[in-house]
Student: 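Next up is a structure, given as structure tokens.
We name chains A, B, ... by the order of the sequence lines, and we start the count at 1 in each one.
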Amino acid sequence: MSADARVNNEPGFVLHTYPFKETSVVAEVFTRDHGRVALIARGARRPTSTLRGLMQPFTPLLLSWFGKSELRTLHAAEWQGGLLAPQGRALMCGFYLNELLLRLLARGDAHETLYDRYVATLEQLAGEAGRSDYERATYLERILRRFEKNLLSEIGYGATFDVDADSGAPVQAQVRYVFQPERGALQASGQPGCPVSGQTLIDLATDRFERPATLVEAKALMRTLINHTLGAKPLYTRQLLRELTELTQ
Amino acid sequence: MQPAALENLITALRVLPGVGPKSAARMAYHLLQRDRRGAEALAGALNHALTHLHHCRLCNNFSEAEVCEVCASPNRDKRQLAVVEMPADFNMMEATQSYGGLYFVLMGRLSPLDGMGPREIHLDRLISRALDGVVEEVVLATNFTPEGEATAHTIGELLKARGLKVSRLARGVPVGGELEYVDSGTLAQAVRDRRTV
């Protein structure tokens with residue numbers, strides 16, 4: 001076995017697990033230096049396995065594995081500590097992040113910046129407790145929008161928000177635009193695309209999400225961009241949240 | 001080339017979780033060669049279960065009658081309703097002999113990334129079950145995995161909004177646990193969930 005086939009104590013998170021054979025699981029993990037990796041955790045579903053409680057999403061781990069095929073073999077996982085799991089509504093947002101990473105990242109591409117951003121985002125999600133309902137909702141929205149924007153630019157689908165794609169001039173705060181995923185911001189004159197105000201585009205470019213109208217428009221715009229990148233298959237987490245909203249009414 | 005009947009049997013056995021073509025073939029040969037009576041009993045039991053087992057109207061667990069034994073029992077405290085994920089969890093709760101209320105078995109958990117949503121775990125049925133006017137407290141006994149926590153949170157919010165008392169199983173250091181040997185994740189949660197004495 002060559003030296004590069006063995007990886008030791010790599011910081012990472014489980015994104016999702018699938019049962020595999022009688023007692024094992026396949027874990028899709030997101031690691032700092034190796035990106036998304038599929039690991040088989042042998043025996044992780046046995047009642048006495050120490051891996052059993054560890055191979056869960058939102059748990060900071062140090063992972064060691066070997067192998068060169070698409071499916072690597074996990075040989076050790078250790079709880080890294082220091083991070084509390086998100087709860088309640090924030091936990092749902094955590095699943096959404098994981099689904100985005102699963103769907104949008106290719107296996108084996110390292111994204112150190114995105115990994116650090118993911119850890120910071122999980123920390124922020126876990127820190128939402130103790131806020132009022134409205135505060136919490138907008139707090140979570142801001143966290144998600146920042147993460148979506150970073151994710152898209154990290155995987156090469158970053159958009160320029162504050163430049164008029166027709167004229168190359170800076171976007172004007174008072175003007176209405178439509179945003180087309182392929183081209184960018186265009187002054188609105190009946191063409192298709194996601195309608196958005198100039199102010200929202202400027203806020204998005206500068207990472208400012210304090211204005212309520214910005215949050216609403218940014219959500220629709222990021223959704224358009226993500227759907228464009230994902231293709232036809234919808235996101236499960238989004239569908240689940242929609243069904244839950246129906247039950248609440 | 002194998003006879004079609006054997007081929008069919010092997011294919012049929014592969015519906016079992018964790019059974020691939022090799023295991024299925026091994027099972028088929030064993031049943032046909034070594035244990036024909038066992039095979040007959042298996043076929044009979046499968047058929048019987050398929051025609052006679054349904055979900056209990058009240059708790060959603062498997063039952064031969066419309067309402068299962070536990071739900072029909074007069075000795076049960078009808079004011080408490082424990083929500084568990086699977087029948088195995090129900091059995092475990094019963095084995096503790098510490099809970100005297102009724103149950104609702106979700107037959108799954110909310111798992112967004114597996115496409116398990118509110119419909120798949122019968123949340124609408126749980127809501128109408130919990131709102132029968134007799135239930136006063138709902139005990140959330142789903143797993144302490146992220147999926148189980150998400151399920152508990154969701155059910156909790158839905159039922160609290162409808163005026164029910166909702167509680168969640170406590171979590172922390174196991175009985176007989178020594179801090180030195182407890183896994184750090186559990187200990188961290190126990191610190192977070194500590195209670196005033």
Student: Can you name the nearest heavy-atom pair linking B:R192 to A:A85, along with the distance?
Tutor: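 Heavy atoms only, the tightest pair is NH1-O, 3.3 Å.
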Student: If you count every heavy atom of other residues, nucleotides or ligands that lies below 6.0 Å from A:Y157 atom OH, does the total exceed 12?
Tutor: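 It does not: A:Y157 OH has 12 such atoms or fewer within range.
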Student: For A:F58, is it the side chain, the backbone, both or neither that has a heavy atom under 4.5 Å from a heavy atom of chain B?
Tutor: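 Contact with chain B is through the side chain of A:F58 alone.
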Student: Which bit of A:Q87 is near chain B, if near means a heavy-atom gap under 4.5 Å: side chain, backbone, both or neither?
Tutor: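 The side chain, not the backbone.
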Student: Taking everything shown except A:R107 itself, do over 12 heavy atoms lie less than 6.0 Å from its CZ?
Tutor: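 Counting other residues, nucleotides and ligands, CZ of A:R107 exceeds 12 neighbours.
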Student: Measure the shortest side-chain to side-chain distance between B:M116 and A:L240 over non-hydrogen atoms and say whether it is less than 4.5 angstrom.
Tutor: no
Student: Do other residues, nucleotides or ligands put more than 12 heavy atoms under 6.0 Å from the CD atom of A:E112?
Tutor: yes
Student: Evaluate A:E243 against B:L123 for side chain to side chain contact (heavy atoms under 4.5 Å, CB included), listing each step before the verdict.
Tutor: CA-CA 11 Å; A:E243 285 175 24; B:L123 277 196; over 6 Å; no
Student: Would you find a donor on one side and an acceptor on the other, under 3.5 Å apart, between the side chain of B:H153 and the backbone of A:R89?
Tutor: yes
Student: Got more than 12 heavy atoms from elsewhere within 6.0 Å of CD, B:Q97?
Tutor: no
Student: Non-hydrogen atoms of chain A under 4.5 Å away: do they reach the side chain of B:E157, the backbone, both or neither?
Tutor: neither
Student: Can you name the closest pair of heavy atoms from B:P118 and A:L247 and give their distance?
Tutor: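 Distance-wise, the nearest heavy atoms are CB-CD1, 3.7 Å.
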Student: For B:D183, is it the side chain, the backbone, both or neither that has a heavy atom under 4.5 Å from a heavy atom of chain A?
Tutor: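 Neither; nothing under 4.5 Å.
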Student: Test side chain to side chain contact (heavy atoms under 4.5 Å, CB included) on B:E147 and A:F95 and set out the steps.
Tutor: CA-CA 9 Å; B:E147 286 84 5; A:F95 282 120; 3.8 Å; yes
Student: Do other residues, nucleotides or ligands put more than 12 heavy atoms under 6.0 Å from B:R171 CZ?
Tutor: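 Correct, the count exceeds 12.
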Student: Set out, in order, the CA-CA distance, both residues' side-chain angles and the distance that settles side chain to side chain contact (heavy atoms under 4.5 Å, CB included) for A:H16 and B:D114, then state yes or no.
Tutor: CA-CA 9 Å; A:H16 193 47; B:D114 295 310; 2.8 Å; yes
Student: Tell me whether A:Y236 at atom OH has more than 12 heavy atoms from other residues, nucleotides or ligands lying less than 6.0 Å away.
Tutor: no
Student: Tell me, for B:T145 versus chain A, whether the close heavy atoms (under 4.5 Å) come from the side chain, the backbone, both or neither.
Tutor: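 Answer is both: backbone and side chain atoms of B:T145 are under 4.5 Å from chain A.
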Student: Identify which of B:A152, B:A188, B:G115 forms the greatest number of heavy-atom pairs closer than 4.5 Å to chain A.
Tutor: B:G115
Student: Checking B:A150 against chain A: side chain, backbone, both or neither under 4.5 Å from a heavy atom?
Tutor: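 Contact with chain A is through both the backbone and side chain of B:A150.
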Student: Looking at every non-hydrogen atom in both residues, tell me the closest pair between B:P146 and A:P57 and how far apart they are.
Tutor: CG-O, 3.5 Å
Student: How far apart are the C-alpha atoms of B:L113 and A:L15, what are their side-chain angles, what is the distance that settles it, and do they pass the side chain to side chain contact (heavy atoms under 4.5 Å, CB included) test?
Tutor: CA-CA 9 Å; B:L113 276 63; A:L15 295 176; 5.6 Å; no
Student: Any chance CZ of A:R142 has more than 12 other-residue heavy atoms, nucleotides or ligands included, within less than 6.0 Å?
Tutor: yes
Student: For B:K78, does the NZ atom have more than 12 heavy-atom neighbours from other residues, nucleotides or ligands under 6.0 Å away?
Tutor: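 Yes, NZ of B:K78 has more than 12 neighbouring heavy atoms, counting only those of other groups under 6.0 Å.
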